[in-house]
There are 2 protein chains.
Amino acid sequence: MTRRSADERREELIEAAIRVMIRDGVARTTTRAIVGEAGLPLGAFHYCFRSKEELLQSVIERIMVRALGPAVASVAEGAPTEEVVRTTLHAYWDRIRQHPDEHLLTYELTQYALRQPELAELARRQYQHYLEVSHSSLETMAQLAGIEWSVPLPVLARLALGVLDGLTLTWLLDRDDAQADAALEEYANYLLSVAKPRQH
Amino acid sequence: MTRRSADERREELIEAAIRVMIRDGVARTTTRAIVGEAGLPLGAFHYCFRSKEELLQSVIERIMVRALGPAVASVAEGAPTEEVVRTTLHAYWDRIRQHPDEHLLTYELTQYALRQPELAELARRQYQHYLEVSHSSLETMAQLAGIEWSVPLPVLARLALGVLDGLTLTWLLDRDDAQADAALEEYANYLLSVAKPRQH
DNA sequence: GTCTATAATGGGATAGAC
DNA sequence: GTCTATCCCATTATAGAC
């Protein structure tokens, strides 16, 4: 029996849509392509989703959450600041390197969402969320290394998000591993330069 | 006489297409919308351009070149490093703030170009060009301030492009001027920290 | 060269049999 | 609930009158 519940079908269609988007781009992700990828008849689409837009909303929510996940690496408390910073940055970068197409899709979906009045707010909230993750990631680093940042956290968090986002975008275009590593290393040096011993 | 040459019509259609893309997004920029914006009949399109794709190529080339322009501000040679750095960064940032929608379109078009096999290479070359501009901008700053950078220029250039690109993208989403300025200011501090007196 | 009318395609959505 | 067949629309592109 290959009978699936409506919820399972929704799930299948969301994942199929993501695969098609990664492979062919958002513009070419038609309802026909999605159901084809999922091995379902075209009619199945519209008793799982009211419209294509409703599916896209689900896709955007899922892919944007997935783009972050556990961003902080496991480092022992009390480790040297240098190790904490480098390990955290490399953990982020490994995720990018392992799923480049998925991250490219993240940018594409952000652009797409901004153009849909009903989805624009979702895109903005997502970047707000990214800022919060950046913020808490820096806090975790400070705690693990037993330091504090000499730059206000909101400013440092925004700069961090910008650096990582920008380096990611450039790397997605030229895939220059050596240069990306070198730039990330230099950013690590900067972070170390604004780490100060904690005040008691 | 409102007679125009074919070249002038091409020009009008390119500019009309850019206006529509800024207003409605790339996906909604149909040939009908473009000729409508230009005040031309639909038929005019296809004796100015072989296809929609050909127009898009022209649009991408133009908008990407326009996104840069004179990136370096006019600063007197021998000015203090701090002034050179801050003036240059503010010149860049003013451009963003004055034409936010155009810059958002730049990101959208980069994504679009990457999905078109014939345009993907154009997108990559453009980021290569951005890296070169970043490189030469840093060189100009060093010369004006009479310093040299203690970080290898290719690394510094990639980091600079990343920072500016990333901060731009975040600001385009949340339009938080104060936070963007603060982050840019902190990046200026970083640049000053890697500026060293020139060796003779 | 210029424009109108129309072709040809592919899309989202739905009707209705099972 | 499930799927087939179909509708209806918007799109790019072209044919052909002027």
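Since we're looking at a predicted model, the values are computed, not measured. Lettering follows sequence order; numbering is per chain, from 1.
What separates CD of Gln116(A) from C1' of dG12(C) is a distance of 14 Å, to the nearest Å. Between the CG atom of Asp7(B) and the C1' atom of dG1(C) there is a distance of 14 Å, rounded to whole Å. Atom CG in Leu13(A) sits roughly 15 Å away from atom C1' in dG12(C) (whole-Å rounding). For the pair Glu53(B) CD and dA13(D) C1', the interatomic distance rounds to 14 Å; values are reported in whole Å. Spacing between atom CD of Glu54(B) and atom C1' of dT14(D) amounts to 16 Å, rounded to whole angstrom units.
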Using a 3.5 Å cut-off and no angle test, enumerate the donor-acceptor pairs between side-chain atoms of residues 179-188 of chain A and protein atoms at least two apart in sequence or in another chain.
{"unit_1": "Asp181(A)", "atom_1": "OD1", "unit_2": "Arg97(A)", "atom_2": "NH2", "d": "3.1"}
{"unit_1": "Glu185(A)", "atom_1": "OE1", "unit_2": "Arg86(A)", "atom_2": "NE", "d": "3.3"}
{"unit_1": "Glu185(A)", "atom_1": "OE2", "unit_2": "Arg86(A)", "atom_2": "NE", "d": "3.0"}
{"unit_1": "Glu185(A)", "atom_1": "OE2", "unit_2": "Arg86(A)", "atom_2": "NH2", "d": "2.9"}
{"unit_1": "Glu186(A)", "atom_1": "OE1", "unit_2": "Asn189(A)", "atom_2": "ND2", "d": "3.2"}
{"unit_1": "Glu186(A)", "atom_1": "OE2", "unit_2": "Tyr190(B)", "atom_2": "OH", "d": "2.5"}

N/O donor-acceptor pairs under 3.5 Å from side chains in residues 18-25 of chain B, not counting sequence neighbours:
{"unit_1": "Arg19(B)", "atom_1": "NE", "unit_2": "Glu37(B)", "atom_2": "OE2", "d": "2.7"}
{"unit_1": "Arg23(B)", "atom_1": "NH2", "unit_2": "Glu37(B)", "atom_2": "OE1", "d": "2.3"}

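Counting heavy atoms from C-beta outward, Ile34(B) and Leu40(B) have side chains that stay 4.5 Å or more apart.
Residues passing the side chain to side chain contact (heavy atoms under 4.5 Å, CB included) test with Leu104(B), sequence neighbours excluded: Gln111(A), Leu114(A), Leu172(B). In terms of the side chain to side chain contact (heavy atoms under 4.5 Å, CB included) criterion, residue partners of Leu153(B) (sequence neighbours excluded) are, by chain and number, His135(B), Leu138(B), Glu139(B), Trp149(B).
Among residue pairs with one or both ends in residues 100-129 of chain B, those qualifying as ring pair (Phe, Tyr, Trp, His ring centres under 6.0 Å) are Tyr127(B)-Tyr130(B); sequence neighbours excluded. The ring pair (Phe, Tyr, Trp, His ring centres under 6.0 Å) contacts involving residues 46-68 of chain B comprise Phe45(B)-Phe49(B), where partners must be two or more places apart or lie in separate chains. Contacts classified as salt bridge (charged side-chain N to carboxylate O under 4.0 Å, His left out) and involving residues 147-165 of chain A (residues at least two apart or in different chains) are given here: Arg158(A)-Asp174(B).
One can find a donor-acceptor pair under 3.5 Å joining the base of dG12(C) and the side-chain atoms of Arg32(A).
Contact check of residues 14-30 of chain A against DNA chain C (heavy atom, cut-off under 4.0 Å) returns Thr30(A). For residues 42-52 of chain B, proximity to DNA chain D is found at Leu42(B), His46(B), Ser51(B), Lys52(B), defined as any non-hydrogen atom under 4.0 angstrom from a strand atom.
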